[in-house]
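Okay, so here's the structure we're looking at.
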Amino acid sequence: MNKTINELQQEFRQLRLAETAEELPKLLRQAEQSSWTYQEFLEQLTAFELKKREVKSIEKRLKYARFPYLKSLSEFDLEAQQSLTKRQLTQLKELQWLEQHYNLILLGPPGVGKTFLAVGLGLEAIYKGFHVSFVTMGELLQILKTQEYTHKSQVQMKRIQSADLVIIDDLMYMAMDQREANLFFQLINHLYEKSSVILTSNKNPEQWSELMGDQGITTAILNRLLHRVEVVHMDGDSYRMKNRQQLFEAKM
C-alpha cells in the first residue's frame, strides 16, 4: 500500500530530517514536472538536506564565536588602511596560516581596523568550517578567574580551548596581576600548536612585560605566541619578526 505524503513526511521527521520533510511535497512536484530519474530525485533530496545542515552549522558556529559585530573582509578598506597589501589580505583570507597553526598579532592605536580585520578573518574561518572564539582581554581574564566555580565560565572556557581560532581583542589594554598572568599563560600553553590565535593590541610585544609584571611569564608567553607568527602594524607597514618561520611571501 502506497503511503501518503503526510506519512512520508512524518517518517522523515522521525529520521530527524524535519526541514527535508517540509520540502518533500515541493521536491516531488518538481520531480514529476521535470521527469527526474530516481537517482536525480535522490540527488536533489540529499543536496537540500546537506545545504540546510551546513547553514545550521554556520549559524551555530557564529553563535558560539560571540563576535561583537559581523563585518566581512570585503568591507575592509585597504585604501584607508595601507598596512596590508591586497595580495597579503588575499593570502590571509585563504587561511593557510590557520591550517598551519600560525598566529597573528595586529598592533596599532584604537580605530585603525584591528578588530575589524580580526572579525573578518574569523568569519572567513567559520564559513570554511572552522570553530572560532572571540573574546576581549577583559572578558577573558574574568572567565579565567571564575571558571573553577562558575558554570557559565566553564562553558565559555571549554569553547575557547576547543576552538580552531581564538581571537583575543585588546591584549595588554590593562595591567595583570601575577595570578592573572599565570592563568593567561596556562591558556596560551594549552592552545600552543593546536590552535591559531589572533591578538589585537596597542602595545608592542616588547612592552608586554611592563603590564604583566613578571618577565619570566612574559617570556614564556612570547616564546609560544611568536614561534609561528605574523605581526602587522596597523598604522604602518607590515614587518616580520626575526628568527621565526615566514608566512607572507616576499614582497615583489
Side-chain angles (χ1 to χ4, degrees), residues 1-78 84-102 104 115-135 155-156 158-167 191 194-198 247-249:
M1 180 177 177
N2 292 334
K3 295 182 179 180
T4 65
I5 292 179
N6 286 338
E7 289 173 330
L8 289 172
Q9 286 179 296
Q10 184 58 35
E11 290 181 350
F12 270 81
R13 294 187 185 99
Q14 291 175 356
L15 292 170
R16 298 185 178 181
L17 302 172
E19 294 192 7
T20 299
E22 296 301 317
E23 188 73 5
L24 187 59
K26 179 180 177 181
L27 289 171
L28 287 170
R29 287 195 300 271
Q30 291 178 336
E32 292 174 357
Q33 293 169 1
S34 303
S35 299
W36 288 346
T37 64
Y38 295 129
Q39 181 175 334
E40 288 172 331
F41 175 71
L42 286 173
E43 288 174 355
Q44 293 294 325
L45 195 69
T46 54
F48 176 84
E49 178 62 27
L50 289 171
K51 182 178 179 179
K52 287 296 180 181
R53 290 191 180 193
E54 176 59 19
V55 169
K56 282 188 173 182
S57 179
I58 289 174
E59 290 174 349
K60 184 178 180 180
R61 293 197 298 273
L62 283 172
K63 178 182 177 181
Y64 287 165
R66 298 169 61 89
F67 291 124
Y69 49 75
L70 301 180
K71 289 187 177 181
S72 69
L73 290 179
S74 62
E75 301 175 72
F76 189 78
D77 191 352
L78 283 172
L84 284 173
T85 66
K86 183 176 180 180
R87 181 181 181 183
Q88 288 173 331
L89 186 60
T90 298
Q91 284 181 268
L92 290 175
K93 188 175 180 180
E94 290 172 350
L95 300 183
Q96 291 183 12
W97 57 273
L98 178 54
E99 295 169 357
Q100 299 170 18
H101 298 150
Y102 271 90
L104 300 178
T115 304
F116 193 139
L117 179 57
V119 169
L121 292 170
L123 285 172
E124 287 294 325
I126 281 179
Y127 294 144
K128 293 183 180 179
F130 294 98
H131 293 270
V132 180
S133 184
F134 179 101
V135 63
V155 171
Q156 291 176 319
K158 185 177 179 180
R159 289 176 181 168
I160 291 171
Q161 291 177 332
S162 62
D164 301 301
L165 172 61
V166 179
I167 302 172
L191 297 174
K194 293 191 295 186
S195 305
S196 288
V197 180
I198 296 179
L247 171 61
F248 286 142
E249 297 173 9

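Index from 1, following the sequence.
Closest approach of Ile5 and Pro25 over heavy atoms only: CG2-CG, 3.9 Å. The two residues Leu73 and Glu124 come nearest to each other via the heavy atoms CD1-CG, 3.7 Å. Nearest heavy-atom pair, Leu92 versus Trp97, reported as atom, atom and distance to 0.1 Å: O-NE1, 2.7 Å. Between Lys52 and Glu19, the shortest heavy-atom contact is CD-OE1, 2.8 Å. The two atoms that bring Gly129 and Arg61 nearest to each other are CA-NH2, 3.5 Å, heavy atoms only.
To the nearest 0.5 Å, the span separating NZ on Lys51 from NZ on Lys56 amounts to 14.5 Å. If you take NE2 on His131 and CD1 on Ile160, they are separated by 15.0 Å, rounding to the nearest 0.5 Å. Atom CD1 of Ile126 sits about 4.5 Å away from atom CG of Leu62, to the nearest 0.5 Å. Glu94 contributes atom CD, which lies 9.5 Å from atom CD of Glu99 (distance to the nearest 0.5 angstrom). Atoms CZ and CG, from Phe76 and Leu89 in turn, are 6.5 Å apart once rounded to the nearest 0.5 Å.
Counting heavy-atom neighbours within 6.0 Å of Lys60 NZ, excluding the residue itself, gives a total of 12 or less. Annotation: Glu75, atom CD; neighbour count of heavy atoms from other residues, nucleotides and ligands within 6.0 Å is above 12.
The list of side-chain hydrogen bond (donor to acceptor under 3.5 Å, both in side chains) pairs with a residue in residues 20-31, not counting sequence neighbours, reads Arg13-Glu22, Thr20-Glu49.
Looking only at side-chain heavy atoms (C-beta outward), Leu50 and Glu54 stay at 4.5 Å or farther from each other. Counting heavy atoms from C-beta on, the side chains of Thr115 and Phe134 come closer than 4.5 Å. Looking at Val166 and Ile198, their side chains never come closer than 4.5 Å, going by heavy atoms from C-beta outward. Contact of the Ile167 side chain with the Val135 side chain is not registered, since no non-hydrogen atoms from C-beta on lie closer than 4.5 Å.
Applying the salt bridge (Lys or Arg N to Asp or Glu O under 4.0 Å) rule to Glu11 yields the partners Lys3; only residues at least two apart in sequence or on another chain are considered. For the side-chain hydrogen bond (donor to acceptor under 3.5 Å, both in side chains) test, residues two or more places apart in sequence or in another chain that qualify with Ser72 are Ser74. Evaluation of the side-chain hydrogen bond (donor to acceptor under 3.5 Å, both in side chains) rule for Thr46 yields no partner, not counting sequence neighbours. Annotation: side-chain contact (heavy atoms from CB on, under 4.5 Å) contacts of Ala125 (sequence neighbours excluded): Leu95, Leu98, Phe130, Val132, Leu165.
With Asp164 contributing its side chain and Ser195 its backbone, the two residues share no donor-acceptor pair below 3.5 Å. In this structure a side-chain-to-backbone donor-acceptor pair under 3.5 Å is present from Glu7 to Thr4.
For Arg53 and Ser57, the side-chain atoms include no donor-acceptor pair closer than 3.5 Å. Remark: the Gln44 side chain and the Glu40 side chain contain no N/O donor-acceptor pair separated by less than 3.5 Å.
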Please tabulate, for side-chain N and O atoms in residues 63-70, each donor-acceptor pair with protein atoms closer than 3.5 Å (sequence neighbours left out).
{"from": "Tyr69", "atom 1": "OH", "to": "Phe116", "atom 2": "N", "distance (Å)": "3.2"}

